[in-house]
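I have placed the structure first, in the form of structure tokens, so that the comments after it can refer back to it.
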Amino acid sequence: TIYYTYLRPTSCHAFHNLFLTADDNNRTIAVATRVTPNTNCLELTTDNEVTESFDFKVLYDQVYRFHVWKGKDQEGNDIYETIEVPVVTD
């Protein structure tokens with residue numbers, strides 16, 4: 001099981017789904033939220049972290065690279081954090 005945490009910027013944001021693509025031992029991950037239109041949306045500065053999880057099945061005996069989408073930079077380019085996870089066999 002892999003746990004991840006994301007931030008809800010307002011009270012109108014809620015989890016929609018987890019975007020996940022696979023290419024050999026590389027995984028690209030991004031959280032998709034939905035926004036409920038509401039004039040009473042509150043900006044969340046505390047209690048805005050949400051932790052979810054998903055099950056992960058190991059298919060390869062080599063290092064897995066998770067490319068986690070972090071947002072966009074000032075030019076609008078996607079920003080990813082790469083996390084390498086070694087596979088340990090018995």
Side-chain angles (χ1 to χ4, degrees):
T1 301
I2 295 179
Y3 294 90
Y4 59 94
T5 300
Y6 66 94
L7 301 177
R8 289 179 43 218
T10 73
S11 59
C12 292
H13 285 77
F15 181 81
H16 178 65
N17 65 17
L18 185 67
F19 174 80
L20 178 63
T21 62
D23 182 18
D24 292 326
N25 61 328
N26 289 286
R27 302 293 184 271
T28 301
I29 301 171
V31 172
T33 60
R34 61 177 153 67
V35 180
T36 304
N38 183 336
T39 57
N40 297 324
C41 295
L42 300 174
E43 183 177 345
L44 299 176
T45 56
T46 60
D47 296 327
N48 62 340
E49 288 189 359
V50 179
T51 299
E52 300 282 348
S53 67
F54 64 93
D55 292 327
F56 180 74
K57 183 176 181 181
V58 175
L59 301 174
Y60 304 101
D61 62 353
Q62 53 191 327
V63 172
Y64 275 84
R65 288 179 190 82
F66 291 88
H67 307 282
V68 181
W69 188 75
K70 304 298 274 184
K72 293 190 177 277
D73 64 16
Q74 292 180 348
E75 287 88 38
N77 299 312
D78 291 323
I79 301 169
Y80 293 92
E81 176 184 358
T82 299
I83 301 169
E84 292 192 352
V85 180
V87 173
V88 179
T89 56
D90 293 337

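The chain is numbered in sequence order, starting from 1.
- Side-chain N or O atoms of Asp23 include none that pairs as donor or acceptor with a backbone N or O of Asn26 at under 3.5 Å.
- Within the 3.5 Å criterion, the main-chain N or O of Leu59 finds a donor-acceptor partner in the side chain of Tyr64.
- With rounding to the nearest 0.5 angstrom, the CG atom of Asp61 is 7.0 Å from the OG1 atom of Thr89.
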Would Trp69 and Asp78 count as a side chain to side chain contact (heavy atoms under 4.5 Å, CB included) here? Give the steps. CA-CA 7 Å; Trp69 188 75; Asp78 291 323; 3.0 Å; yes
Applying side chain to side chain contact (heavy atoms under 4.5 Å, CB included) to Glu49 and Leu7, what does each step give before you reach the verdict? CA-CA 5 Å; Glu49 288 189 359; Leu7 301 177; 3.3 Å; yes
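- Close placement of the Phe66 and Phe56 rings is indicated, their centers lying within 6.0 Å of each other.
- Placement of Tyr80 and Val68 in two distinct hydrophobic clusters is found when ILVMFWY residues are connected by side-chain heavy-atom separations under 4.5 Å, directly or transitively.
- Note: Phe15 CZ to Tyr6 OH = 6.0 Å, rounded to the nearest 0.5 Å.
- Annotation for Glu43: atom CD does not count as buried by contact number, only 12 or fewer foreign heavy atoms lying within 6.0 Å.
- Checked by atom type and distance alone, the side chain of Thr10 never pairs as donor or acceptor with a backbone atom of Leu42 at under 3.5 Å.
- Shown here for Asn48 and Leu44, the closest heavy-atom pair between the two residues is ND2-O, 3.4 Å.
- Of all heavy-atom pairs between His13 and Arg8, the closest is O-NE, 2.6 Å.
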Using the side-chain hydrogen bond (donor to acceptor under 3.5 Å, both in side chains) rule, take Thr82 and His67 through it: C-alpha gap first, then chi angles, then the decisive distance, then the call. CA-CA 4 Å; Thr82 299; His67 307 282; 3.1 Å; yes
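- Judged purely by atom type and a 3.5 angstrom limit, Asn25 uses its side chain to pair as donor or acceptor with the backbone of Val63.
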In sequence, state the C-alpha distance, the side-chain angles, and the governing distance for Tyr3 and Glu52, and then conclude on side chain to side chain contact (heavy atoms under 4.5 Å, CB included). CA-CA 6 Å; Tyr3 294 90; Glu52 300 282 348; over 6 Å; no
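- Screening Ile2, Leu20, Ile83, Thr21 for a side-chain contact (heavy atoms from CB on, under 4.5 Å) with Ile29, the sole residue that qualifies is Leu20.
- No donor-acceptor contact under 3.5 angstrom links the side chains of Ser53 and Thr1, judged on distance only.
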Could you go through the side chain to side chain contact (heavy atoms under 4.5 Å, CB included) check for Phe54 and Leu18 one step at a time? CA-CA 9 Å; Phe54 64 93; Leu18 185 67; 3.4 Å; yes
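- A pairwise comparison of heavy atoms in Arg34 and His16 identifies N-CB, 3.9 Å as the closest pair.
- No more than 12 heavy atoms of other residues, nucleotides or ligands shown are found within 6.0 angstrom of CG on Asp47.
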